Number of protein chains: 2
Amino acid sequence: MVTMRDVAAVAGVSAKTVSRVFNDNPHVTAETKQRVEAALRELNYVPNAIATTFRTGRAPVIGVAVPDIIDPFFASIAKAAETLAAEHGMSVVITNLRSPDREPEVVQSLLRQALSGLVIAPAALDHGYLKAWIDRTPVVFVDRQPVGVAADSFIEDDVGGAHLATSHLVEHGHTRIGFIGDDLALPTTRARLEGYRAALSDAGIALDDSLVAVGAVDRAGAAATFADLDRAGPSAVFCSNARAAISLVPILQDSGLAITTFGDFPLADMLTPSWTVIDQDPLQLGALAAQRILDRLAKPNRRYRRRTVLPVRLVERDSCRIATRLEGFRLAADRR
Amino acid sequence: MVTMRDVAAVAGVSAKTVSRVFNDNPHVTAETKQRVEAALRELNYVPNAIATTFRTGRAPVIGVAVPDIIDPFFASIAKAAETLAAEHGMSVVITNLRSPDREPEVVQSLLRQALSGLVIAPAALDHGYLKAWIDRTPVVFVDRQPVGVAADSFIEDDVGGAHLATSHLVEHGHTRIGFIGDDLALPTTRARLEGYRAALSDAGIALDDSLVAVGAVDRAGAAATFADLDRAGPSAVFCSNARAAISLVPILQDSGLAITTFGDFPLADMLTPSWTVIDQDPLQLGALAAQRILDRLAKPNRRYRRRTVLPVRLVERDSCRIATRLEGFRLAADRR
DNA sequence: TTGTACGCGTTATCAT
DNA sequence: ATGATAACGCGTACAA
């Protein structure tokens, strides 16, 4: 490996002068600069990034940590952050959190790499382990709020979006509306349950806990969860997130239930019927988070808004128009 | 930040002894070890990973570089590599290649981080830029072969899979079979075109270049590409990859064409009709690649198989059963 | 303008 | 078994 010393020897200057030339320091004569540049090219000098990081204490790298990179929602966040970082000469490393309990070790091993910043969509329920790092490294939460630590966050309007989706079902005449989620331990899921309940209350519909079921994380779990919920006799369901929704497609596809879901997903518009969703714009989430990291690095002393809530919008498709079960309810009512 | 020196001062030993204790070096008396461990805990010592990497020249990190992390195929490769690495105390950093021409800079900035190894699903057409690194860092290619550099690779059977998919259409009675791909500059796409052509030849069907169209990278491109192909009057199409397939769903869904595609994708089995695909097992690809990195690190002098081709299998679903256009052809033939 | 000396935190070498 | 010293490659402070 060619070092600055090697280049210096060839150019007949000191290592420091090579450093100056390489970093475009103006205090070098044109003639010296030329000689050094020739040596640089001749030896094919490549800086040792680790040494630079070690010396300066910061790698020109932003970390992005997400619960599951297979989920297109999180992949989009990462991709947007990467695009923005690249525009500012930074690279991005993505890492999978894998599971709530592994989050601390995974994130800390990332943070030890002297990152310039971290964008995290947390999986864990408590993020107190970040306290020791947050003074030295800007950390921005996305999708979910920080718990046990103060940090910037960009989240979507979970309560509002769930309210919107549920109200949409109400407007279609449904009164028996189920809630299917992944895990109520997650604040995001809880907030969406809250929005769902608020919408029902606002419509004067009584809450029924047998219409709330969680555990839809894969196709098997989704089937079990739905079987549970189905006993309560819903005519419509609201899925609390895209991943649950994707798992639920096989079982909801031909159920005759009206459906809305929180979070768009690839091919949702191509299913039969196509699914009505709440759209979250993960690209914007990722871009905003990365921008905040860059801002904090550039102006550490400025004050920033701690919490930013992004609006969501309803994308209406077909899954609320077709509602066999509701017809059933109506016919039954007519007969009475 | 607490350093080994600080710990050494508290324990009343030298920094080197602290290092020995921390790294489980046996040449330390039990009594000394105990004292040092107490100091370690008291000061809450956390090693500076950058300093260690700097000193040893290797970070306990495997890099995974893929063209597009949004593509579930590549995300699966990354995830599998991560799982395997974690079992061996290594972490993984994922990076997006973004585009063929940006690949060299992106990869090299990754490699400068003194990685222990790199798993790459390349986007670029030539990988000669890796020559300078490959002696110091194990590099394993997945999905696509190395060009311009010698390296290990794990790829799927592109020619065989395409042959399989095309033959399947032939068996269903099709003779006008289109090929829709993303980019013929990619060796993968070319190999699949080759398999497609071989299958037609084997069936005694004449090749027709107007039945080959590329440019399906997003929904707009897919629509344009298909419009082009459609003029040639196909009754069936073979999509050369999952990403193209996903983009083509809107336009092929109700086309009445029989369909096969190379690469399964989420919800392919939930479309109407469900899509028959060639399944590639990206998880295995990622796991094998990461294992090879670990093997090469553990036994650098062993010899390894350069090129491993994984078999693929046909997953038959409904998209070949429904073939309105073929009926049209037959009726036309009957009338004659 | 250019160079010297030093230090970042860790580990390897070689004494003791 | 333990420690002193040097070294990894670069950038900072300061001197020349």
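Please read these numbers as outputs of a predicted model, since none were measured by experiment.
Rounded to whole angstrom, the span from the CE atom of M4(B) across to the C1' atom of dC8(C) amounts to 15 Å. For Q113(A) and dG9(C), the CD to P distance is 16 Å, given to the nearest whole Å. Going from atom CZ of R5(A) over to atom P of dT4(C) covers 11 Å, rounded to whole Å. Rounded to a whole Å, the CG atom of D6(A) is 8 Å from the P atom of dG9(D).
A sub-4.0 Å separation between OP1 or OP2 of dG9(D) and a side-chain N or O of Y45(A) is absent. In this model, the phosphate group of dG11(D) is approached by a side-chain N or O of N23(A) to a distance below 4.0 Å at OP1 or OP2. An OP1 or OP2 oxygen of dG3(D) is reached within less than 4.0 angstrom by a side-chain nitrogen or oxygen of S14(B).
Here the nucleotide nearest the side chain of P47(B), chosen from dG9(D), dG11(D), dT10(C), is dT10(C). Taking the side chain of N48(B) as heavy atoms from C-beta on, and the options dT2(C), dG3(C), dG9(C), the nearest nucleotide is dG9(C).
The salt bridge (Lys or Arg N to Asp or Glu O under 4.0 Å) pairs that include a residue from residues 21-46 of chain A are E31(A)-R35(A), where partners are two or more places apart or lie in different chains.
The ring-ring contact (aromatic ring centres under 6.0 Å, His included) search around F54(B) returns F54(A), not counting sequence neighbours.
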*asked:* Set out, in order, the CA-CA distance, both residues' side-chain angles and the distance that settles side-chain contact (heavy atoms from CB on, under 4.5 Å) for L285(A) and L310(A), then state yes or no.
replied: CA-CA 8 Å; L285(A) 229 38; L310(A) 268 57; 3.6 Å; yes

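A distance cut-off of 5.5 Å between ring centres, combined with a plane angle under 30°, places F54(B) in a stacking arrangement with the base of dC8(D).
We find that R190(B) and D158(B) are not joined by a salt bridge, their nearest charged nitrogen and carboxylate oxygen being 4.0 Å or further apart.
Contact record, A49(B) with Q113(A): CB-NE2, 3.9 Å, taken as the closest heavy-atom pair.
From one end of the helix from dT1(C)-dA16(D) to dT16(C)-dA1(D) to the other, with five pairs defining each end axis, the axis direction shifts by 40° (rounded to 10°).
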Using a 3.5 Å cut-off and no angle test, enumerate the donor-acceptor pairs between side-chain atoms of residues 140-154 of chain A and protein atoms at least two apart in sequence or in another chain.
from: R144(A); atom 1: NE; to: T188(A); atom 2: OG1; distance (Å): 3.4
from: R144(A); atom 1: NH1; to: P122(A); atom 2: O; distance (Å): 2.8
from: Q145(A); atom 1: OE1; to: R307(A); atom 2: NE; distance (Å): 2.9
from: D152(A); atom 1: OD1; to: R296(A); atom 2: NH2; distance (Å): 2.9
from: D152(A); atom 1: OD1; to: R306(A); atom 2: NH1; distance (Å): 2.9
from: D152(A); atom 1: OD2; to: R292(A); atom 2: NH1; distance (Å): 3.0
from: D152(A); atom 1: OD2; to: R296(A); atom 2: NE; distance (Å): 2.8
from: D152(A); atom 1: OD2; to: R296(A); atom 2: NH2; distance (Å): 3.2

Below 3.5 Å is the cut-off: list the nitrogen or oxygen pairs between protein and nucleotides 12-16 of chain D, distance only.
from: dT12(D); atom 1: O4'; to: R55(A); atom 2: NH2; distance (Å): 3.2

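Interface residues of residues 29-37 of chain A facing DNA chain C, ordered by number: T29(A), T32(A); criterion, heavy-atom separation under 4.0 Å.
Of the residues D71(B), D182(B), D68(B), the one that meets the salt bridge (charged side-chain N to carboxylate O under 4.0 Å, His left out) test with R243(B) is D68(B).
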